[in-house]
Amino acid sequence: MGYDADIPALPCGSLGTGIRLVRMGRAATELDVQTAQFESLPRKRTNFCQIFKMQVEQSTLQKLANKEVGWTFSDQEEVAIIDMRQGMEKNFLFGRQAKITDPAKHEEIYLTGGIWNQTDNTFSYNPATLDGGKLIELCRAAFTGTGGNTRKILLGGSGLIEALSKIQYDKNVEAGKTFVKWGIEFKEIRSNFGSLYVIHSEIFDQCGHEDDGFVLDPDCLTKYCHVPFHTETLDLRRSGQRNTDAIVVTEASCMVLRHPNAHMRVVAKA
């Protein structure tokens, strides 16, 4: 059995200019075992693992003194870790990859690069005119031509979240129910292209991106930990340095977008 296919010849010269070719599935004969290679290989990118550190101390006299509130060393440690985590999140989002040298210690310091600069996809919008139609355009840009999932996370500053909250939703794009995933509460926006799990991030406001956002495919995000998060106790009293109880919290890590095209920046422009 056989069917002759009419495969037209491709125009040559100026007649062939502007013709769109679509690469489809490769066909093989019955006896083929091998096939030619295609130039589709992962591209190498590098990032630095930054060493994050935080030290908490409490003097002996402070520990023995009567206090108006029942604060303990554990309370100080909790507040310091929260501040450390916020600083790490700023680096993971907007950090600039760099290597600098401490002139006093003659040692190198590595700064990790944030995911904001790891993708070339950008969607621009005007916060004053954001409506349902523009939101559909955002969803199309976020879910088409990326090869990613149909469910992605939208991290946004307060300005973007406010603009999204003012949209009058309809049958083409609608706001779903609030749900909890990974211990985080999200608000779902559903469209025909895919679903966005929306959450407000204070880091965007603190870094001057209150009207911006970032569409993240969580399955294409990798965190590398060269040194896992851990706590060490310092005996500064016996070493004759300081009359305090002290701990140091350390982590050396970085964030990498494994498939950069699956993510997208959302940038506000007038």
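In this structure, the side chains of I167 and L130 come closer than 4.5 Å at one or more pairs of heavy atoms. Side-chain atoms of R96 and N117, non-hydrogen and from C-beta on, do get closer than 4.5 Å to each other. Contact of the N47 side chain with the Q97 side chain is registered, since non-hydrogen atoms from C-beta on lie closer than 4.5 Å. Residues I189 and L154 are not in side-chain contact: their nearest non-hydrogen atoms beyond the backbone lie 4.5 Å or more apart. At least one side-chain heavy atom of F52 sits less than 4.5 Å from a side-chain heavy atom of S253. Inter-residue side-chain proximity for Y169 and R190 is flagged as unmet; no heavy-atom pair is nearer than 4.5 Å. Between K269 and Y125, the closest side-chain pair of non-hydrogen atoms is not below 4.5 Å. I203 places a side-chain heavy atom less than 4.5 Å from the side chain of Q206.
Rounding to the nearest 0.5 angstrom, the gap separating the CG atom in L234 from the OG1 atom in T244 is 8.5 Å. Atom CD of Q50 and atom CE of M255 lie 12.5 Å apart (nearest 0.5 Å).
Defined by atom type and a distance below 3.5 Å, a donor-acceptor pair is present between the side-chain atoms of R258 and T222.
Between the D32 side chain and the Q34 main chain, no donor and acceptor come within less than 3.5 Å of each other.
Residue I51 qualifies as open at atom CD1: its count of foreign heavy atoms under 6.0 Å is 12 or below. By the 6.0 Å contact criterion, NZ on K223 is enclosed, its count of non-hydrogen atoms from other residues, nucleotides or ligands being greater than 12.
A parallel orientation is assigned to the rings of F94 and H209, their planes being inclined by less than 30° (bins at 30° and 60°). Classified by interplanar angle (parallel below 30°, tilted 30° to 60°, perpendicular above 60°), the ring pair H263/F214 is parallel.
Salt bridge E162/K166: present, at least one basic N to carboxylate O contact under 4.0 Å.
Across all non-hydrogen atoms, the minimal contact from F204 to G157 is CB-CA, 3.7 Å. Heavy-atom minimum distance, I184 versus F186: O-CD1, 3.3 Å.
Of the residues listed (L138, D217, N192, L196), the one engaging F143 in a side-chain contact (heavy atoms from CB on, under 4.5 Å) is L196, and it is the only one.
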Just do the side chain to side chain donor-acceptor pair (under 3.5 Å) check on T119 and R265 with the steps written out, would you?
CA-CA 8 Å; T119 180; R265 292 185 294 263; 5.6 Å; no

For salt bridge (Lys or Arg N to Asp or Glu O under 4.0 Å), just list the numbers for E137 and K134, CA-CA rounded to whole Å, side-chain angles, deciding distance to a tenth of an Å, and then say yes or no.
CA-CA 5 Å; E137 294 179 16; K134 195 64 176 179; 3.3 Å; yes

Take E202 and K90, measure what salt bridge (Lys or Arg N to Asp or Glu O under 4.0 Å) needs, and give me the verdict at the end.
CA-CA 10 Å; E202 294 183 359; K90 294 174 185 177; over 6 Å; no

Determine whether R238 and D235 satisfy the following criterion, salt bridge (Lys or Arg N to Asp or Glu O under 4.0 Å), listing intermediate values before the conclusion.
CA-CA 6 Å; R238 289 189 179 182; D235 196 348; 3.6 Å; yes

